[in-house]
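Notes to accompany the following structure.
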Amino acid sequence: MRSNNRVKEVKIAQNQELILAEQYYNQAEELRFKSNYKESVQKYLYSILMNKNSYTSYLGVALAYKKLGNYKKAVLNLKKAEKLNPKDLSVQKELALCYIIEGDYQNGIKYLINTIRMEPDNPDIHMQLAMVHEMMEEENMALMIYQKVIENHPEYLRAYIQKATLYLHLEEYLDSAKMFKEILKKNPNYFRAYLGIAICFEKLNNIPAAKRYYSKYLRFCHICENYKGAAARFKELKLRKLKNNYLKLV
């Protein structure tokens with residue numbers, strides 16, 4: 001009889017702890033959404049103390065730690081959340097992001113691949129993977145992934161932009177210019193493509209074409225952040241032409 005009463009008491013205590021854990025979790029979530037990250041961490045930890053099997057509390061405290069810039073503690077709690085719920089996509093994404101921010105690209109790639117397996121048709125994740133390869137100076141791998149995204153999602157403009165920019169960085173100016181032109185076909189209002197093409201033609205020493213595209217960019221982008229730099233380059237090319245014409249006369 002006493003043993004039965006003891007079992008009931010334990011169950012009641014456990015239920016009370018679960019109720020408290022839920023209350024602390026809700027308070028923590030509210031604090032985190034209000035950007036009170038330090039206070040939310042304390043509430044999440046109270047919730048975990050009451051219920052060590054709540055992966056949502058581990059995920060929540062990890063997100064709060066990430067906002068506080070403590071990525072090591074974020075990863076630690078994300079790994080605990082992963083053990084409790086290995087198929088949770090958000091946990092995999094956050095682990096990938098934290099590892100990448102910390103410069104651990106190998107683990108970042110590992111978790112990005114996990115998310116791709118879970119969500120294979122999401123181009124954003126493929127793009128993140130390509131950009132990590134860029135960070136690792138594995139440009140050929142990045143270009144291959146960008147191209148795959150373009151083939152599978154032909155209207156996904158970001159892949160074209162990133163590929164064109166990478167070609168420019170690699171000094172593959174003809175390929176970069178071609179890709180920027182593809183961008184304009186997809187979206188004629190993406191005026192920065194004119195600037196990209198202008199830079200490519202200037203690097204290729206095709207000054208008339210460079211001037212033409214600088215002029216187009218300046219016509220459409222008088223309020224863009226790169227306007228002053230583009231205007232200076234356009235002026236320089238015009239002066240260069242005038243100097244060359246003058247030298248021909250003397």
Side-chain angles (χ1 to χ4, degrees), residues 87-218 220-221 224-226 229-230 233:
K87 293 184 179 181
D88 185 271
L89 183 63
S90 58
V91 172
Q92 300 292 315
K93 285 181 178 178
E94 290 296 334
L95 274 165
L97 182 60
C98 287
Y99 277 125
I100 291 164
I101 291 171
E102 283 284 272
D104 187 346
Y105 299 135
Q106 293 296 340
N107 269 317
I109 287 173
K110 170 187 168 183
Y111 281 98
L112 281 175
I113 290 171
N114 285 351
T115 62
I116 287 170
R117 288 182 183 136
M118 294 179 183
E119 206 172 45
D121 294 325
N122 186 337
D124 289 327
I125 303 173
H126 290 273
M127 289 293 293
Q128 289 173 29
L129 179 61
M131 292 173 78
V132 174
H133 282 294
E134 274 198 59
M135 293 177 198
M136 296 174 69
E137 299 184 347
E138 295 175 351
E139 290 90 354
N140 287 335
M141 181 65 75
L143 287 169
M144 184 182 71
I145 297 170
Y146 291 139
Q147 184 57 35
K148 184 179 177 182
V149 174
I150 288 169
E151 290 169 2
N152 292 336
H153 305 274
E155 300 307 315
Y156 188 80
L157 196 67
R158 186 181 167 201
Y160 295 84
I161 296 168
Q162 201 66 32
K163 189 176 182 184
T165 305
L166 179 52
Y167 273 137
L168 185 61
H169 172 72
L170 294 172
E171 300 182 0
E172 299 287 345
Y173 300 121
L174 278 175
D175 288 328
S176 181
K178 288 177 184 176
M179 190 57 57
F180 279 121
K181 287 181 178 180
E182 284 295 314
I183 292 167
L184 287 170
K185 288 179 185 177
K186 296 287 180 184
N187 181 4
N189 294 321
Y190 188 79
F191 302 127
R192 287 189 179 184
Y194 290 120
L195 178 59
I197 297 168
I199 292 169
C200 289
F201 280 130
E202 185 179 355
K203 294 292 186 180
L204 291 165
N205 206 31
N206 187 338
I207 303 306
K211 283 169 56 183
R212 186 166 67 252
Y213 281 97
Y214 274 126
S215 179
K216 287 182 179 182
Y217 175 74
L218 293 171
F220 292 117
C221 289
C224 292
E225 60 187 36
N226 294 318
R233 292 306 306 142

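Residue indices begin at 1 and follow the sequence shown.
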For salt bridge (Lys or Arg N to Asp or Glu O under 4.0 Å), just list the numbers for Lys148 and Glu151, CA-CA rounded to whole Å, side-chain angles, deciding distance to a tenth of an Å, and then say yes or no.
CA-CA 5 Å; Lys148 184 179 177 182; Glu151 290 169 2; over 6 Å; no
Gap separating the OH atom of Tyr146 from the NZ atom of Lys163, nearest 0.5 angstrom:
11.0 Å
Could you state the interatomic distance from CG (Leu129) to CD1 (Ile100), rounded to the nearest 0.5 Å?
8.5 Å
Between CG of Leu97 and CG of Leu112, what distance do you get to the nearest 0.5 Å?
9.0 Å
I need the minimum non-hydrogen distance between Leu195 and Tyr217, along with the two atoms involved.
CB-CD1, 3.7 Å
With side-chain contact (heavy atoms from CB on, under 4.5 Å) as the test, pick out the partner of Tyr156 among Ile150, Ile161, Asp124.
Asp124
Side chains of Leu143 and Leu170: does their closest heavy-atom pair fall under 4.5 Å?
yes
For the student: nearest non-hydrogen atoms of Ala210 and Phe201, plus distance:
N-CB, 3.7 Å
Heavy-atom pair with the smallest gap, counting every atom of Tyr99 and Tyr111
CE1-CE1, 3.6 Å
Nearest heavy-atom approach of Ile183 to Ala193 is CG2-CB, 4.3 Å
Please determine whether side-chain contact (heavy atoms from CB on, under 4.5 Å) holds for the pair Leu174 and Tyr167, giving the CA-CA distance in whole Å, both sets of side-chain angles, and the decisive distance to 0.1 Å.
CA-CA 9 Å; Leu174 278 175; Tyr167 273 137; over 6 Å; no
Test item: Thr115 and Met118 side chains (from C-beta on) under 4.5 Å apart, heavy atoms
no
Any sub-3.5 Å donor-acceptor pair from Tyr160's side-chain atoms to Pro154's backbone N or O?
yes
Scan for ring-ring contact (aromatic ring centres under 6.0 Å, His included) pairs involving residues 116-145, sequence neighbours excluded, and state none if there are none.
none
Pairwise distance CD(Glu182) to NZ(Lys185) - rounded to 0.5 angstrom
4.5 Å
Interatomic distance, CD@Glu139 vs NE2@His169, rounded to 0.5 Å, equals 5.5 Å
Tell me, please, which residues at least two apart from Asn187 pass side-chain hydrogen bond (donor to acceptor under 3.5 Å, both in side chains).
none
Which atom of Glu134 lies closest to which atom of Ala142, heavy atoms considered
CG-CB, 3.6 Å
For Lys93, is there an ion pair with Glu119 - N to carboxylate O distance below 4.0 angstrom?
yes
In this structure, are over 12 heavy atoms from other groups packed under 6.0 Å from Asn189 atom CG?
yes
Does NZ belonging to Lys186 count more than 12 external heavy atoms closer than 6.0 Å?
yes
Ignoring hydrogens and angles, tell me if any N or O in the side chain of Ser176 forms a donor-acceptor pair with the backbone of Glu172 under 3.5 Å.
no
Examine Lys211 relative to Tyr214 and say whether NZ or CZ is less than 6.0 Å from the centre of the six-membered ring and inside a 45° cone about the ring axis.
no
Roughly how far apart are Ile116 CD1 and Ile145 CD1, rounded to 0.5 Å?
7.0 Å
Taking all heavy atoms of Leu204 and all of Tyr173, pick out the closest pair and write down the distance.
CG-CB, 3.7 Å
Check salt bridge (Lys or Arg N to Asp or Glu O under 4.0 Å) between Glu138 and all other residues, then give those that pass, not counting sequence neighbours.
none
